[in-house]
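This report refers to the structure that appears directly beneath it.
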Protein chains: 2
Amino acid sequence: MTRLERLSRCSSRGDGVTRLPFTAQHRQALEILGCWMEQAGLDVTLDAAGTLIGRREGTKTSRTLLLGSHQDSVPQGGRYDGILGVVLPLIALEDLKDHPLPYAIELLAFADEEGVRFPTALMGPRALAGTFDQNLLDVRDSDGVTLSEAMSSFELKPDDIPTLKRASKDLLGYIETHIEQGPVLQHKDVPIGIVSAICGIERWQVTIFGRAAHAGTTPMDLRHDALAAAAEVVLEVERFALQTDGLVGVVGHLDVVPNAVNAVPGEVRLQVELRSGDDPIRVSAGRFIATQIDEITTRRGLESTAERTYAQDAVVCDNSLSKTLANTAETVGCIAPRIVSGATHDASAMATLTHIAMLFVRCKDGISHNPDESITIEDAETAARVLREILRDFDGY
Amino acid sequence: MTRLERLSRCSSRGDGVTRLPFTAQHRQALEILGCWMEQAGLDVTLDAAGTLIGRREGTKTSRTLLLGSHQDSVPQGGRYDGILGVVLPLIALEDLKDHPLPYAIELLAFADEEGVRFPTALMGPRALAGTFDQNLLDVRDSDGVTLSEAMSSFELKPDDIPTLKRASKDLLGYIETHIEQGPVLQHKDVPIGIVSAICGIERWQVTIFGRAAHAGTTPMDLRHDALAAAAEVVLEVERFALQTDGLVGVVGHLDVVPNAVNAVPGEVRLQVELRSGDDPIRVSAGRFIATQIDEITTRRGLESTAERTYAQDAVVCDNSLSKTLANTAETVGCIAPRIVSGATHDASAMATLTHIAMLFVRCKDGISHNPDESITIEDAETAARVLREILRDFDGY
């Protein structure tokens, strides 16, 4: 917790932690992490994508188990999101400094997972997986600085990113530790959980066309109220997600036109988001909701359009690596439930390169991306012990 | 229709009719109306509140039947709203120019019903009823001109408004002709209707407090979705108004916070409007809806506030005068249904002074306050005939 507190001070001014990639705060965090990595007996390098890498060789094979997460934060974020997944394995590796291991290990601190400075994200793992789009180097931040310029000022050589691509055969997997950023573990009253899958996401843009009318002079039975139809859609999304295992869904965005107290709403634009760790569940839910929107609006004599504007498939965690994590948790006296990650992580992009597994740490009230982000020292301790034990006993090389 | 077309050209530039009170366009309209009133044998005066008055005396009594409506329009309004209620009685009076009548008649063209230039309205009828608040003379239009200054430039003496108050005993009633501004007559396929009451209005400001959360990481059963609760409120308002005779209700305004596609809505602010020609129906509906809001949000584990921010009582039209209108309509071969006016009219303010009745004329698709406002010449003819007949045969003096 002392280390996390120290790193939280690598932040721009304002509440909470603001540590954007390729800034002075990023540099400051890397100096500290690099120093600690060296103390843990790791060879430290910074790759062309800005990923800080601490490596130790194995006694029997150069095949490598990867650990890590991202160093960056959202503006005014918390002190655990991302960086906890660097600090906890670091502590585990410190404990194992003098303990020879047959396989190699790399601890990774990725530069940019959040994608808040530049409209890109997951650059570090994508570089390793060979899926980074070099065209993104030309995107600009809000000050007009390109990603390429920002990286060059950070003494990186972004043109070398394609050389970072790893070969899957050299790797043993990637284990990411992260705060849950949700309330499930707290609700289940357990310190840690094992991620079964990182959910897939789809978003629908829906427009309902009614007829704006004077709310005094138009009788109820002659109205074409777009908001009343939208209300049915909101409740149908909620009802269907509640009754479908493994699915969450919400109408998070809704705008009314003309939005006047004395006018029957003439048009509503809303967005439906569906997430599931199981793609077929999500895809069929999307189709069903679209059918229901059509049914609701047609029944009311209204028109509507519903378009799927975004879709991202789920990433399933490796069953064997996840089982090893769960078994190790049991050896430290902890039943770690399998849970689906509702948010995206560096592991999402690592999955095209190697087997992935994720260890979630309980966070208070599920609050994240907020200065109030909070975990307990006991839960962090439990997670660190699981990491230490799994590294010591890992035999999957 | 030729006359209405001519008056529609007393307008500021732009689409439709824009004739605001105490402007050059207002003056132009009064010149024309004054001329036509004189041609109909009326004595023309302009009172201190800017009401153009055309009067003819009775052969038996000086007690007076009032007719009229407003000359002003909303910005880019139609050519019938208000002014139709001046032109049609004018034509009826022209027809009766050489026909002696036992009672006196005044045709009134009020200056400002819409209240769009100054934040006041119904000034003319309030002056006659003695309910005009002289403090309003200090309010300013968007150019910083006070109402008092605007009236003085119009050669009016606003300080004399209190002297305009009429005595109820001198009056026989007030009949206002107006386009319906709603779709009921078109839906019933009849040219005219008799207003039974001008509806009362109440508005509720409702805030629903849920808990904003990550739409991926928060399980369905741990959410406190303010929009889902609001959707139930929207549908409950609609359901209750649909099943309650004489009540209309709507949620016309609704804002979601934070209104992001990937966030469970944390707060919703909405406004409920209820209207009825029957105050007890409206008041008990408001109480019921407030109870339902509390029930819905409590059941979902949310908090809410609901405050009645506006209330205006209904104005009931005079039964005897309305019956006379209906009987007269029958003599010209027209069954005029009783309908409730959902909008406010000059008659609302006249009701504290004398008996009121209103004759509605069908308007196309219920469209008003819009350049597309439209009526047929046949419907206007029917209304003018009803007015002529009622004036010729009126025996309620």
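Every chain is numbered from 1 and lettered A, B, ... according to where its sequence line falls, protein lines coming before strand lines.
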Examine whether an atom of [X] lies under 4.5 Å from a heavy atom of chain B, and if so say whether it belongs to the side chain, the backbone or both; otherwise answer neither.
X         : value
Val248(A) : both
Ala241(A) : both
Ala228(A) : both
Leu274(A) : neither
Arg223(A) : side chain
Leu254(A) : both

Which answer fits Leu247(B), side chain, backbone, both or neither, if we ask what part of it has an atom under 4.5 Å from a heavy atom of chain A? backbone

Tell me, side chain or backbone of Leu227(B) under 4.5 Å from chain A's heavy atoms, or both, or neither? both

Could you have a look at Gly342(B), Ala230(B), Ala212(B), Ala213(B) and say which one has the most heavy-atom pairs with chain A under 4.5 angstrom? Gly342(B)

Between Gly266(B), Ala260(B), Pro258(B), the one whose heavy-atom pairs under 4.5 Å with chain A are most numerous: Ala260(B)

Just verifying a value: how many Å separate Gln181(B) CD and Thr218(A) OG1, rounded to the nearest 0.5 Å? 10.5 Å

First locate atom CD of Glu232(A), then atom CG of Leu235(B), and finally report the distance between them rounded to the nearest 0.5 Å. 5.5 Å

How close do [X] and [Y] get, counting heavy atoms only, and between which atoms?
X         : Y         : answer
Met220(B) : Glu238(A) : CE-O, 3.9 Å
Pro183(A) : Thr217(B) : CD-O, 3.4 Å
Gly252(B) : Val256(A) : O-CG1, 3.8 Å
His253(B) : Asn259(A) : ND1-O, 2.8 Å
Glu273(A) : Ala215(B) : OE1-CB, 3.7 Å
Ala343(B) : His214(A) : CB-NE2, 4.0 Å

Among Ile339(A), Val234(A), Thr344(A), single out the residue with the greatest number of heavy-atom pairs under 4.5 Å to chain B. Val234(A)

Please tell me if the side chains of Val250(A) and Pro265(B) come closer than 4.5 Å, counting only heavy atoms from C-beta onward. yes

Heavy atoms, side chains only, cut-off 4.5 Å: are Asn262(B) and Arg203(A) in contact? yes

Answer yes or no: are there more than 12 heavy-atom neighbours, outside [X] itself, under 6.0 Å from its atom [atom1]?
X         : atom1 : answer
Gln312(B) : CD    : yes
Arg300(A) : CZ    : yes
Asp221(A) : CG    : yes
Glu303(A) : CD    : no

